[in-house]
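Have a look at the structure below before the remarks.
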Amino acid sequence: MTFQALPGFRDFPPDELAFRAHIIEAWRRVARRYGFVEYDGPPLEPLELYTAKSGDEIVGQLFEFEDKGGRRVAMRPEMTPTFARMVSEHAKSAPKPIRWFAVPQLFRYEKQQRGRLREHFQLNCDLVGEAGPRADAEVIALAIDVCRELGLGADDFKVRLSDRRVLYALLAHAMIPTDAFDGVLGVIDKLERNGATASRARLLEMGLGDRAEAVLAIAAVRSADELTALARDWGVDAASWQFSEVLGALGAMGCADYIEVDLSIVRGLAYYTGTVFELFDRKGQLRAICGGGRYDTLLASLGGADLPAVGFGMGDVVLGELLKDRGLRPGAPATIDCYVAAVTAEDVPEVLHQAQRLRAAGLAVEFPLDAEPKLGKQLKLAGTRGARLAVVIGPDARARGEVQLKDLAARTQVAVPLDQLVERCLGILSPTG
RNA sequence: GUGCUUGUAGCUCAAUCGGUUAGAGCGCCGCACUGUGGCUGCGGAGGUUGCGGGUUCGAUCCCCGUCAGGCACCCCA
């Protein structure tokens, strides 16, 4: 009988966990750089927390069951409802704006594909209590900086940026009836996948007639210049758009190379009210790395504080795929600082003693476990472990109260008195300290 | 959930038309090297060819089922 991980779930042996930690540590570093503080919530929530926002259809995509107390519960598929509950309570006393981030593990019962598993870790950043454009720019710049922190550049990824208020304004100008907006947005959202022909047919089915071409023209906008030109041609006042200020702020923040205005970006989730954006790899080979936007009415609609908010979620799976594709997966890190080697079995007690002294000083230390240790084998292992230092303890030097201290990187070796060993090691490992 | 496709040492792959004992590189362990690492040479361990059934004298190869991965749908974090 053999067992394997459930489909869509991952084992994390040390090298995989190191890669995961590499990503998550970058998330935390950058989020804190933007003044965000970390929170968390329960991984298991009442099922209704999700059906209230997304309807009963979502139940088929959840890990949900009945607990022993007869409660219908679900493993969290997203962080937003939990966040909404927590921040609404907190918002009564917290100074605004609120900058919170979380790194939850999320679960969804769907068939897995590359970049989409049944479990992933996700950076969630939300900025609550500020409706102005610089809040939008802040979270977008944060998402960009996370990617840069991991070594990705403007050649590797881009932000596709839109604003539902701009879409609404243009649709209204194109005489699309308000009650058709949701349907039209759905067609625009799927435009890239379904193609122009099928999308046009769908729009005609909706009874839009000639106005279908206007919708397609709007969704075809792929740059700020094209948007400006379209607005000018249609006689729409673009100067008052908050979207322009978001773009201006991002430009001033040095993010222009990453930004691509793209009015086909809608985001499937219905609750977005303004800015919407997604990060993609430039080659277009992967799913979205990140997605987010402004949701000024969601918190109130979930029964919480009536506060504007903007945020995003970024998963570890697609991001990890992109990093691997670009050769940005870091090599195995050194597992120890120092290997303490014994020349003969008689040296072992001194090896154990010195190893513990070095460990007490905070160093990561390993020594041989063999009954009859061989020096060559020990030094080879020291190299494999990535140790910077090796201490060689043998009978002759030991009789003089000395050991040999090797710098494995510099390939040098010096005799060191036993009572100076710890400080000499610390001196090499942290020369500034 | 639907369709297509792929499954061979830990990893990447090979194996003529269906043929007898399934190979190589990397990695791992050992030896050369009984007091000094990265190189080199030699050797070793490691496989019910994903699993189950069928056809056949004989199956890694053909057929069916199943599980898992990939791709496209569905849906989206």
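Labels below follow one simple rule: chain letters A, B, ... track the order of the sequence lines, proteins then strands, and each chain is numbered from 1.
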Assess the pair A/Phe9 and A/Phe63: is the distance between their ring centroids shorter than 6.0 Å? yes
With side chain to side chain contact (heavy atoms under 4.5 Å, CB included) as the test, pick out the partner of A/Leu286 among A/Val317, A/Leu319, A/Leu322. A/Leu322
Does a side-chain N or O from A/Lys374 land closer than 4.0 Å to OP1 or OP2 of B/U34, or not? yes
Which is true for A/Leu62 with a 4.0 Å heavy-atom rule: it touches a base, it touches only sugar-phosphate, or it touches nothing? nothing
Whole-Å distance between B/C76 P and A/Asp189 CG? 8 Å
Whole-angstrom distance between B/C13 and B/C71, as gauged at atom P: 15 Å
Does NZ or CZ of A/Arg118 come closer than 6.0 Å to the centre of the six-membered ring of A/Tyr109, within 45° of the ring's axis? yes
Find the partner of B/G47: check Watson-Crick (N1-N3 plus N6-O4 or O6-N4) and G-U wobble (N1-O2, O6-N3) distances, both under 3.5 Å, and reply none if neither fits. none
Under 4.0 angstrom, heavy atoms only, what part of the nucleic acid is A/Glu110 near: base, sugar-phosphate, or nothing? base
Measure from CD on A/Glu372 to P on B/C33 and round the result to the nearest Å. 19 Å
Answer yes or no on whether A/Arg160 is positioned over the face of A/Phe280, meaning its NZ or CZ is under 6.0 Å from the six-membered ring centre and within 45° of the axis. yes
Span that lies between the P atom of B/G52 and that of B/U8, in whole angstrom: 16 Å
Separation of B/C75 P from A/Phe63 CZ (nearest whole Å): 20 Å
Taking atom C1' in both B/C4 and B/G43, what distance in whole Å separates the two? 47 Å
Does the side chain of A/Lys377 get closer than 4.0 angstrom to OP1 or OP2 of B/G30 through an N or O atom? yes
Using a cut-off of 4.0 Å on non-hydrogen atoms, how would the nucleic acid contact of A/Gly292 be classed: base, sugar-phosphate, or nothing? nothing
Take atom CG of A/Leu279 and atom C1' of B/A77, then tell me their distance rounded to the nearest Å. 14 Å
Measuring only the P atom in each nucleotide, how far is B/A22 from B/A59? A whole number of Å is fine. 13 Å
Closest heavy-atom pair, A/Val318 versus A/Gly115, reported as atoms and distance to 0.1 Å, is CG2-O, 3.4 Å
With a 4.0 Å cut-off on heavy atoms, is A/Gln413 in touch with a base, just the backbone sugar-phosphate, or nothing at all? base
RNA chain B: 5'-proximal contact among A/Gly376 and A/Met314 (nearest heavy atom): A/Gly376
Pairwise C1' distance for B/G3 and B/C57, with rounding to whole Å: 39 Å
Return no unless some side-chain N or O of A/Gln113 is found under 4.0 Å from OP1 or OP2 of B/A72. yes
Please state the C1' separation for the pair B/C76 and B/G18 - nearest whole angstrom. 46 Å
Which of parallel (below 30°), tilted (30 to 60°) and perpendicular (above 60°) describes A/Phe121 and A/Phe12? perpendicular
Taking N and O atoms by type only, does the side chain of A/Arg193 place a donor or acceptor under 3.5 Å from a partner on the base of B/C74? no
Mind checking the P distance from B/A15 to B/G23? Whole angstroms is fine. 14 Å
Candidates B/U36, B/C76, B/G70 - which lies nearest the side chain of A/Gln404: B/U36
Could you please name the option among B/A77, B/U36, B/A68 that lies closest to any side-chain atom of A/Pro7? B/A68
Gap separating the NZ atom of A/Lys377 from the CD atom of A/Glu372, nearest 0.5 angstrom: 11.5 Å
Should the heavy atoms of other residues, nucleotides or ligands under 6.0 Å from CZ of A/Arg134 be counted, would the total exceed 12? no
Considering only side-chain heavy atoms of A/Val343, which listed nucleotide, B/C75, B/G3, B/G35, is closest? B/G35
Pairing check on B/C13: which nucleotide meets the Watson-Crick or G-U wobble criteria with it, both distances under 3.5 Å? B/G23
Taking the minimum atom-to-atom distance to the side chain of A/Lys111, which one of B/U2, B/A77, B/U36 wins? B/U2
Please give me every residue in residues 382-403 of chain A whose heavy atoms get under 4.0 Å of an atom in RNA chain B, ordered by residue number. A/Pro395, A/Asp396
Could you give the CE-to-P distance, from A/Met75 to B/A77, as a whole number of Å? 19 Å
As its Watson-Crick or G-U partner within any shown strand, both distances under 3.5 Å, B/U2 has B/A72
So, are A/Glu260 and A/Lys158 salt-bridged, with charged N and O less than 4.0 Å apart? yes
I'd like the P distance from B/A24 over to B/A9, given in whole Å. 15 Å
Need one value for A/Leu408: base, sugar-phosphate or nothing, where a base atom within 4.0 Å counts as base even if backbone is also close, heavy atoms only. base
The side chain of A/Leu379 is closest to which nucleotide in this list: B/G37, B/A72, B/A77? B/G37
To the nearest angstrom, how far is A/Leu375 atom CG from B/G37 atom C1'? 9 Å
Expressed as a whole number of angstroms, how long is the span from A/Arg108:CZ to B/G1:P? 16 Å
A/Leu286 CG to B/G70 P, straight-line distance once rounded to whole Å: 13 Å
Let's test this: given Watson-Crick or G-U wobble pairing with both distances under 3.5 Å, identify the partner of B/U40. B/A32
Take atom CG in A/Asp155; do more than 12 heavy atoms of anything else shown fall under 6.0 Å from it? no
Want to settle it: does A/Gly115 or A/His120 sit nearer the 5' end of RNA chain B, counting the closest nucleotide to each? A/Gly115
